[in-house]
Participant: 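Here it is, the structure, as structure tokens.
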Number of protein chains: 2
Amino acid sequence: MSVLNTDRRVAVIKALAHPARLRIAEALASGERCVTELQALVGGDLSTVSKHLTLMREAGWVACEKHGQHVHYRLACDCLATFLHCIDSLAGDDSNCC
Amino acid sequence: MSVLNTDRRVAVIKALAHPARLRIAEALASGERCVTELQALVGGDLSTVSKHLTLMREAGWVACEKHGQHVHYRLACDCLATFLHCIDSLAGDDSNCC
DNA sequence: GCCAAGCTTGGTCATTTCGCCAAGTAATGA
DNA sequence: TCATTACTTGGCGAAATGACCAAGCTTGGC
């Protein structure tokens, strides 16, 4: 495995390694949302949310499409549930991993 | 899902969101290694590697056991392969996600 | 055309993370 | 016991990340 591939993998992982971005991903699992809706969910400045979404898009987690004034974001990958299940097997308070 | 759970999930994800730590995890997938061996693999100072391992242990990814002078680190979770497969479906150069 | 809503981009500052060095502990062998 | 190897911990400066503000672009309604 090359260093480049490692760095690419790291970029994908980092894109979810932030509370706001993880919450955004969880929200999008139940359907499309526009930026303002996601801001209402995670709080903070709209520009901050927009930048989080750009990062997630570059990593490949989400895709977006413009509808009039609104930009609809959605999950671009159906493996989020698998990913989270894997994380939760480690994150559980009861340490019942694997 | 509470904020606390989100933060715990983020801590688990962050523990692999670094090139050296990801490489360490990949290496441990093929068997136990002591700290010096992992240092040879990822480079940098031994203390840096040790701190990476502490972080990964607190997140639950690895466990360790002392054998004489050596400390053997191993994966504490068998879901790493699943995790990486999920990441690679996004990290591939060919964008063939999902 | 003009204004407001929705979003993105650039800039700056505060916070976090990272990596090395130095110092300390523990086990082994001479 | 003294030196060496293996590892951990604390500390500090450097680099990366995150959050807000301000400014700009685009779309839609009046």
Side-chain angles (χ1 to χ4, degrees), chain A residues 3-4 6-28 31-76, chain B residues 3-4 6-25 27-28 31-74 76:
Chain A
V3 172
L4 283 176
T6 297
D7 286 348
R8 175 75 185 114
R9 279 176 159 179
V10 167
V12 172
I13 299 170
K14 275 190 178 177
L16 288 193
H18 184 285
R21 294 196 294 266
L22 186 59
R23 281 179 168 279
I24 286 171
E26 290 166 358
L28 295 181
E32 302 194 337
R33 299 280 189 283
C34 69
V35 185
T36 309
E37 287 171 327
L38 292 169
Q39 180 196 15
L41 187 73
V42 302
D45 199 85
L46 186 66
S47 67
T48 300
V49 176
S50 178
K51 283 175 182 173
H52 282 319
L53 287 165
T54 299
L55 196 71
M56 294 172 77
R57 185 161 39 78
E58 286 168 354
W61 285 107
V62 304
C64 64
E65 203 172 338
K66 200 164 186 184
H67 287 259
Q69 293 172 295
H70 298 260
V71 178
H72 291 200
Y73 279 85
R74 61 179 170 79
L75 286 186
Chain B
V3 172
L4 284 177
T6 297
D7 286 348
R8 174 74 185 116
R9 278 176 159 178
V10 166
V12 173
I13 298 170
K14 275 189 177 176
L16 288 193
H18 184 285
R21 294 197 292 266
L22 186 59
R23 282 181 166 276
I24 287 171
L28 295 181
E32 303 194 335
R33 299 280 190 282
C34 69
V35 186
T36 309
E37 288 171 328
L38 293 169
Q39 179 195 17
L41 187 74
V42 302
D45 198 85
L46 187 66
S47 68
T48 301
V49 176
S50 178
K51 282 175 182 174
H52 282 319
L53 287 165
T54 298
L55 196 72
M56 295 172 77
R57 186 161 40 78
E58 285 169 356
W61 285 109
V62 304
C64 64
E65 202 170 339
K66 200 165 187 182
H67 287 261
Q69 290 172 297
H70 299 260
V71 178
H72 291 201
Y73 278 84
R74 61 179 170 77

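Fair warning: this is a prediction, and the values are worked out from it, not measured in the lab. Every chain is numbered from 1, with letters handed out A, B, ... down the list of sequences.
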Participant: In whole angstroms, how far is the P atom of D:dC21 from the CD atom of A:Q39?
Facilitator: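 The distance from CD of A:Q39 to P of D:dC21 comes to 12 Å, rounded to the nearest Å.
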Participant: In terms of the angle between their ring planes, are A:H18 and A:H52 parallel, tilted or perpendicular, with boundaries placed at 30° and 60°?
Facilitator: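 Geometry flag for A:H52 against A:H18: tilted rings.
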Participant: B:H72 near the nucleic acid: base, sugar-phosphate alone, or nothing, with a heavy-atom cut-off under 4.0 Å?
Facilitator: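 Result for B:H72 = nothing.
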Participant: For A:Q69 and D:dG29, what is the distance between atoms CD and P respectively, to the nearest whole Å?
Facilitator: 7 Å
Participant: Using atom CG of B:D45 as one end and atom C1' of C:dC20 as the other, report the distance to the nearest whole Å.
Facilitator: 6 Å
Participant: With respect to the phosphate group of C:dT8, does any side-chain polar atom (N or O) of A:Y73 fall under 4.0 Å of OP1 or OP2?
Facilitator: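 Affirmative; the distance criterion is met.
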Participant: Once you round it to whole Å, what is the distance between P of C:dT15 and NE2 of A:H18?
Facilitator: 15 Å
Participant: Quiz question: going by heavy-atom distance under 3.5 Å, is there a donor-acceptor pair between the base of C:dC21 and the side chain of B:S47?
Facilitator: yes
Participant: Would A:M56 and A:L16 satisfy side chain to side chain contact (heavy atoms under 4.5 Å, CB included), going step by step from the backbone distance to the final call?
Facilitator: CA-CA 8 Å; A:M56 294 172 77; A:L16 288 193; 4.1 Å; yes
Participant: Counting heavy atoms from C-beta on, name the nucleotide in C:dC7, D:dA19, D:dT8 closest to the side chain of A:V71.
Facilitator: C:dC7
Participant: Would you give the length of the straight line joining atom CD1 of A:I24 to atom CH2 of A:W61, rounded to the nearest 0.5 angstrom?
Facilitator: 13.5 Å
Participant: Among the nucleotides C:dG6, D:dC20, D:dC7, which one has an atom lying closest to any side-chain atom of B:T36?
Facilitator: D:dC7
Participant: Starting at atom NE2 of B:H67, determine the distance to atom C1' of D:dT5, rounded to an integer number of angstrom.
Facilitator: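 It is 17 Å, rounded to the nearest whole Å.
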Participant: Can you tell me the distance, in whole Å, between the CZ atom of B:R57 and the P atom of D:dC7?
Facilitator: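 About 13 Å, once rounded to whole Å.
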Participant: Are any of B:S50's side-chain N or O atoms less than 4.0 Å away from OP1 or OP2 of D:dT8?
Facilitator: yes
Participant: Could you check which of C:dG19, C:dC7, C:dT9 has an atom nearest any side-chain atom of B:H52?
Facilitator: C:dG19
Participant: Roughly how many Å is it from CG in A:L46 to C1' in D:dC20, rounded to a whole number?
Facilitator: 12 Å
Participant: Which one, C:dT8, D:dT8, D:dC7, comes nearest to the side chain of B:H70?
Facilitator: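 Per side-chain heavy atoms of B:H70, the pick is D:dC7.
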Participant: Under a 3.5 Å cutoff, is there a donor and acceptor pairing between the side chains of B:E65 and B:H72?
Facilitator: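 Note: B:E65 and B:H72 side chains miss the donor-acceptor criterion.
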Participant: Where each residue is assigned the nucleotide of DNA chain C containing its nearest heavy atom, which of A:K14 and B:K66 is assigned the position nearer the 5′ end?
Facilitator: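 In this pair, the answer is A:K14.
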Participant: Please figure out whether A:A20 or B:V49 has its closest DNA chain D nucleotide nearer the 5' end.
Facilitator: B:V49
Participant: Are the side chain of A:E58 and the backbone of A:L55 linked by a donor-acceptor contact shorter than 3.5 Å?
Facilitator: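 No; judged by distance alone, with no hydrogens or angles, the pair does not exist.
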Participant: Within the 4.0 Å heavy-atom criterion, would you say B:K51 contacts the bases, only the backbone, or no part of the nucleic acid?
Facilitator: base
Participant: Select one nucleotide: of D:dA22, C:dC18, D:dA19, the one nearest the side-chain heavy atoms of B:R21.
Facilitator: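 Per side-chain heavy atoms of B:R21, the pick is C:dC18.
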Participant: Nearest whole angstrom, please: distance from the P of C:dG19 to the CD1 of B:I24.
Facilitator: 10 Å
